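Written below as structure tokens is the structure these notes are about.
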Amino acid sequence: MEHEKIIVMDFGGQYNQLIARRVRECGVYCEVHPYTMTMEEIKAAAPKGIIFTGGPNSVYSQESPRYSEDIYEMGIPVLGICYGAQLMAYQLGGRVETAPVSEYGRTEVDIDDKGGLFRDVSDRTICWMSHTDYISETPEGFVVTAHTPVCPVAAMENRDKRLYALQLHPEVMHTAEGSKMLEAFVKDVCGCSGDWQMGSFVEDTIKAMKEKVGDGKVLCALSGGVDSSVAAVLLSKAVGKQLTCVFVDHGLLRKNEGDEVEAVFGPDGPYDLNFIRVNAQQRFYDRLEGVTEPERKRKIIGEEFIRVFEEEAKKIGSVDFLVQGTIYPDVIESGLGKSAVIKSHHNVGGLPDHVDFKEIVEPLRMLFKDEVRRAGLELGIPDYLVYRQPFPGPGLGIRIIGEVTEEKVKIVQDADAIYREEIAAAMEDGLIPRYGEEGTPGQYFAALTNMRSVGVMGDFRTYDYAVALRAVLTSDFMTAEAAPLPWEVLQKVTTRIVNEVKHVNRVVYDCTGKPPGTIEFE
Ligand code: XMP
């Protein structure tokens with residue numbers, strides 16, 4: 001299961017996940033790490049190559065993130081992109097300064113030397129540039145391999161030392177031949193053969209899980225989200241009926257979601273496993289009655305969830321393994337230092353203290369979200385489950401501002417279903433970029449504000465709720481900006497919601513980024 005590996009060293013650029021994804025598209029496994037990763041950790045990971053990302057800083061500023069210059073002497077090929085390119089130039093004795101003319105966006109780049117990364121690239125090629133600093137002098141041993149009218153060093157290479165630098169962004173879609181450049185780096189320079197494939201991951205993992213579990217009993221908390229669904233299917237393929245999935249319907253799911261999950265994983269679905277659906281809706285509504293404070297709501301839902309799950313687990317008795325759908329970004333996040341608690345997150349991560357088991361298995365630990373989706377497709381899980389957006393553990397409970405009631409749940413479910421339906425239609429019509437395309441909204445949903453206002457419908461005064469629509473562009477969900485959805489789409493959604501959903505007479509669009517907002521409302 002050990003694969004060739006490339007490490008992306010994160011200096012705070014916007015496209016880091018994208019770089020990793022492009023590398024994986026070359027069939028090479030790739031991990032993103034913060035630039036604080038130590039040399040020892042790099043040695044232990046034994047990558048075939050390292051990529052420095054872009055970032056917002058200037059290399060000559062005191063506070064700019066750096067990496068030890070020893071990295072250039074390790075004998076591992078390094079590719080610096082944008083800030084990463086400037087850092088390499090600066091640290092190795094070249095010159096970096098503020099460019100007389102900044103370059104943003106689509107730029108024609110002239111290739112001067114095709115002996116390295118540009119082997120298969122046209123003489124003049126369209127690239128995406130985004131910089132205010134530039135490399136004005138290359139370090140000793142480097143040759144300039146590309147330039148633009150205002151950027152003398154759009155790329156440079158020291159092929160003896162296997163050090164490469166690109167001022168342009170090869171990872172974005174707008175760089176027409178960017179994939180060729182990255183492929184040349186990982187294959188020609190780093191010598192990767194391309195041994196990473198989703199099919200082999202699925203097969204390897206099923207085999208490994210079979211060996212690990214033997215004839216033991218396995219328990220899985222199934223949320224219906226993509227991670228837990230893929231983890232559950234992998235295990236069911238490995239050990240069949242030794243697996244029991246418990247799905248708690250807390251009454252805060254999206255419209256029809258409970259039935260959709262049951263249709264796939266229940267007795268009429270295609271998988272061989274034990275499925276238990278617990279309809280605990282009323283218990284959650286009862287406990288949430290009169291509660292308005294967001295953290296309190298989150299705590300109540302989290303606690304109640306554990307209680308319900310625990311009761312079910314007791315009925316099953318002791319199990320050998322608990323399956324968790326932990327994915328790679330979760331591993332990295334939990335490995336970093338402590339930061340302020342903005343919201344207490346609830347997911348199945350809270351379960352281990354409350355369930356009797358011997359070991360946790362995490363079959364998706366090595367994967368990024370898009371790879372989990374590909375594994376899901378490989379396993380034959382339906383598209384609508386595989387492409388499901390992130391959905392918070394407390395569900396609609398935190399998309400209803402203030403007190404949660406059954407009636408409000410129904411309102412937000414209906415509004416959200418219309419919104420999702422119209423976005424899907426707009427994607428189909430090419431009005432909004434689809435999943436996997438640049439500019440696709442990473443998450444979108446309707447929320448119910450606690451605001452009621454006066455309106456007029458059919459000559460009558462109304463005093464009803466406002467629904468807020470949210471759609472964000474984000475790759476890591478840590479920061480986000482509001483998606484510029486086409487006006488015609490927003491208009492259509494608005495009309496449908498006020499016409500079709502009772503007790504709503506106003507629809508607003510949330511234009512706030514994160515920060516200062518968060519993605520969810522509570
Ligand atoms: P925020 O609102 O903090 O959300 O900007 C960032 C991302 O996390 C999701 N989210 C959660 N996921 N349990 C989860 O598993 C939670 O309690 C939770 N709260 C927020 C949110 O949907 C977004 O994708």
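Bear in mind the structure is a predicted one, so any value in this text is a computation, not a measurement. Atoms within a ligand are numbered from 1 in the order they appear, just like the ligands themselves.
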Worksheet item: Are W128 and H169 near enough that their ring centres are under 6.0 Å apart?
Response: no
Fill in: Min N/O separation Q443 to ligand 1 under 3.5 Å
yes
Discussion item. Counting only nitrogen or oxygen atoms and a 3.5 angstrom limit, does I519 reach ligand 1?
Written reply: yes
N/O donor to acceptor pairs below 3.5 angstrom from side-chain atoms of residues 427-435, sequence neighbours left out:
unit_1: R434; atom_1: NE; unit_2: M427; atom_2: O; d: 3.4
unit_1: Y435; atom_1: OH; unit_2: R373; atom_2: NE; d: 2.9

Fill in: Atoms of ligand 1, numbered as shown, that sit under 4.0 Å from any heavy atom of P394
16 (C), 17 (O)
Fill in: Any residue meeting side chain to side chain contact (heavy atoms under 4.5 Å, CB included) with E41, in chain and number order, not counting sequence neighbours
M37, T38
Worksheet item: Going by heavy atoms, is R298 under 4.0 Å from ligand 1?
Response: yes
Discussion item. At less than 4.0 angstrom from any non-hydrogen atom of G393, what atoms of ligand 1 do you find?
Written reply: 13 (N), 14 (C), 15 (O), 16 (C)
Worksheet item: Which of the numbered atoms in ligand 1 are below 4.0 angstrom from a heavy atom of K514?
Response: 1 (P), 3 (O), 5 (O), 6 (C)
Fill in: Contacting atoms of ligand 1, where contact means under 4.0 angstrom from a heavy atom of T518
1 (P), 2 (O), 5 (O)
Worksheet item: Parallel under 30°, tilted from 30 to 60°, perpendicular over 60°: which one fits the rings of Y419 and Y444?
Response: perpendicular
Discussion item. So that I can tick it off, tell me whether R24 and E371 are bridged by a salt bridge, with the cut-off set at under 4.0 angstrom between side-chain N and carboxylate O.
Written reply: yes
Fill in: D320 bridged to K217 by N-O distance under 4.0 Å
no
